[in-house]
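Structure record follows, encoded as structure tokens.
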Amino acid sequence: LAGEFAIPCTLTLPQIDAPAPAVIILTGSGSSDRDGTLGANKPYRDLAWGLAANGVASLRCDDRSFALALADLTMSEFTIDSEYTEDALAGLELLRADANIDADRLFVLGHSLGGMLAPRVAAADGDVAGVIMLASPARPFDEMLNLQIAYLNAAEPETDLSGLDGLVGAFVALRAGDAESVPESDRAYLQSLIDYDQVATAVALDLPFLVLQGARDYQVTLDDLELWAEALVPNADATFIAYDDLNHLFHTGEGMQTSIDILARGFVSEEVITDITEWVRAR
């Protein structure tokens with residue numbers, strides 16, 4: 001994407017003659033490359049290739065914080081819009097300008113924190129055809145962190161959680177009005193997460209929604225899927241699907257996800273790609 005910042009992206013096109021529907025993929029939390037590389041896993045590449053094989057194009061981009069040196073970013077002003085919204089909007093415009101893309105059938109697809117931000121991007125754009133959310137928190141981000149810490153303390157007491165504990169402490173300080181105790185480089189970003197209500201944003205959108213959740217996932221859980229379903233009851237075109245054997249990356253396995261399990265080599269389930277494809281084709 002070209003603009004104030006140059007962000008590397010990959011456009012994946014299906015081999016079809018007519019202009020294709022397309023999704024823009026929003027990555028999960030942390031500084032991520034366009035493939036969502038985690039160990040040997042590349043879940044967003046899996047999604048892109050799987051969708052293209054079924055007639056759906058996609059655009060996936062490196063996070064701004066991954067693509068650029070931190071020295072090039074004004075971290076004291078860096079927010080969720082800096083990391084997600086601004087570049088996603090530029091990406092949607094790039095898709096609309098491509099003759100291979102059906103500009104009337106553009107969808108925002110987000111995973112994890114990217115799914116949480118997907119309604120924000122859709123609202124800011126104002127002209128997408130729908131929103132697809134994979135393992136997307138319905139609760140505040142810091143509440144999700146607390147739940148993850150509680151789970152890991154019980155399931156993997158040997159795991160070092162000091163990083164997560166420190167992040168939770170920063171949220172606590174900001175919510176208490178004690179911004180000075182939080183590093184200046186983190187304040188704006190964390191405060192923008194506190195200020196954002198993803199559920200209210202989604203409810204206000206008159207758009208089709210597809211919400212997918214793996215039952216083996218402890219980072220985002222079936223409780224979140226239920227909360228999304230309750231909130232979007234007034235939306236006549238909202239679809240919710242749970243997968244018994246999938247984890248946070250939508251990889252197949254048995255038992256609850258562990259920190260080792262999430263790093264084990266896997267691929268995004270074909271069932272997930274089929275469900276997304278069929279949902280997009282119907283719109």
Side-chain angles (χ1 to χ4, degrees), residues 26-44 62-84 110-117 134-196 198 214 216-221 223-224 247-251 253 256-266:
L26 306 185
T27 64
S29 59
S31 184
S32 174
D33 69 11
R34 73 199 80 177
D35 294 332
T37 302
L38 185 63
N41 298 310
K42 295 182 180 291
Y44 308 138
D62 291 350
D63 288 348
R64 191 180 293 186
S65 63
F66 180 90
L68 305 174
L70 294 184
D72 295 332
L73 303 172
T74 306
M75 296 307 296
S76 62
E77 300 175 2
F78 195 76
T79 68
I80 53 176
D81 289 328
S82 311
E83 186 81 302
Y84 286 95
H111 172 247
S112 196
L113 180 57
M116 183 174 166
L117 271 292
L134 282 67
S136 303
R139 293 168 283 187
F141 191 77
D142 46 332
E143 182 178 338
M144 304 301 296
L145 289 176
N146 278 312
L147 291 169
Q148 290 174 28
I149 289 170
Y151 174 85
L152 289 171
N153 276 331
E156 302 177 35
E158 71 285 357
T159 301
D160 181 7
L161 301 179
S162 56
L164 288 179
D165 288 334
L167 188 53
V168 168
F171 275 106
V172 170
L174 287 172
R175 288 190 181 278
D178 182 19
E180 293 302 315
S181 67
V182 178
E184 185 178 4
S185 59
D186 298 336
R187 289 176 202 164
Y189 192 89
L190 298 183
Q191 187 62 54
S192 67
L193 276 172
I194 290 171
D195 294 339
Y196 173 53
Q198 67 272 31
R216 298 180 55 237
D217 188 353
Y218 73 81
Q219 294 168 264
V220 182
T221 74
D223 289 342
D224 293 277
N247 68 8
H248 190 63
L249 297 184
F250 290 85
H251 294 177
M256 282 301 289
Q257 171 187 317
T258 66
S259 57
I260 299 300
D261 171 62
I262 201 71
L263 292 172
R265 185 69 169 118

Check for a donor-acceptor pair, side chain of [X] on one end and backbone N or O of [Y] on the other, with a separation under 3.5 Å.
| X | Y | answer |
| --- | --- | --- |
| Asp160 | Ser162 | yes |
| Asp224 | Pro137 | no |
| Gln148 | Gln219 | yes |
| Asp63 | Ser31 | no |
| Tyr196 | Pro140 | no |
| Gln257 | Ile262 | no |
| Asn146 | Glu143 | no |
| Ser192 | Ile80 | yes |

Are any non-hydrogen side-chain atoms of [X] and [Y] less than 4.5 angstrom apart?
| X | Y | value |
| --- | --- | --- |
| His248 | Ser112 | yes |
| Arg139 | Thr221 | yes |
| Leu190 | Asp142 | no |
| Tyr218 | Leu147 | no |
| Met75 | Arg187 | no |

Can you tell me how far [atom2] of [Y] sits from [atom1] of [X], rounded to the nearest 0.5 angstrom?
| X | Y | atom1 | atom2 | answer |
| --- | --- | --- | --- | --- |
| Asn153 | Glu158 | CG | CD | 10.5 Å |
| Thr79 | Tyr84 | OG1 | OH | 11.5 Å |
| Thr37 | Arg34 | OG1 | CZ | 9.5 Å |
| Leu174 | Glu180 | CG | CD | 10.5 Å |
| Ser136 | Leu117 | OG | CG | 9.5 Å |
| Leu249 | Arg216 | CG | CZ | 10.5 Å |

Could you walk me through whether Glu83 and Ser65 pass the side chain to side chain donor-acceptor pair (under 3.5 Å) check?
-> CA-CA 7 Å; Glu83 186 81 302; Ser65 63; 2.6 Å; yes
Start with the C-alpha gap between Ile194 and Phe141, add the side-chain angles, then the distance that decides, and say whether side chain to side chain contact (heavy atoms under 4.5 Å, CB included) holds.
-> CA-CA 8 Å; Ile194 290 171; Phe141 191 77; over 6 Å; no
Using the ring of each side chain (for Trp, its six-membered ring), is Phe78 parallel, tilted or perpendicular to Tyr189, with breaks at 30° and 60°?
-> parallel
Would you please classify the geometry between the His111 ring and the Phe250 ring as parallel, tilted or perpendicular, with 30° and 60° separating the classes?
-> perpendicular
Nearest heavy atoms of [X] and [Y], plus distance in Å:
| X | Y | value |
| --- | --- | --- |
| Ser259 | Glu156 | OG-OE1, 2.5 Å |
| Val182 | Ala173 | CG2-CB, 3.8 Å |
| Gly36 | Asp33 | N-OD1, 2.9 Å |
| Pro157 | Ala154 | CD-O, 4.0 Å |

Worked verdict on Ser82 versus Glu77 for side chain to side chain contact (heavy atoms under 4.5 Å, CB included) = CA-CA 8 Å; Ser82 311; Glu77 300 175 2; over 6 Å; no
Going by the side chain to side chain donor-acceptor pair (under 3.5 Å) test, name the single residue among Asp261, Asp217, Thr258 that passes it with Asn247.
-> Asp261
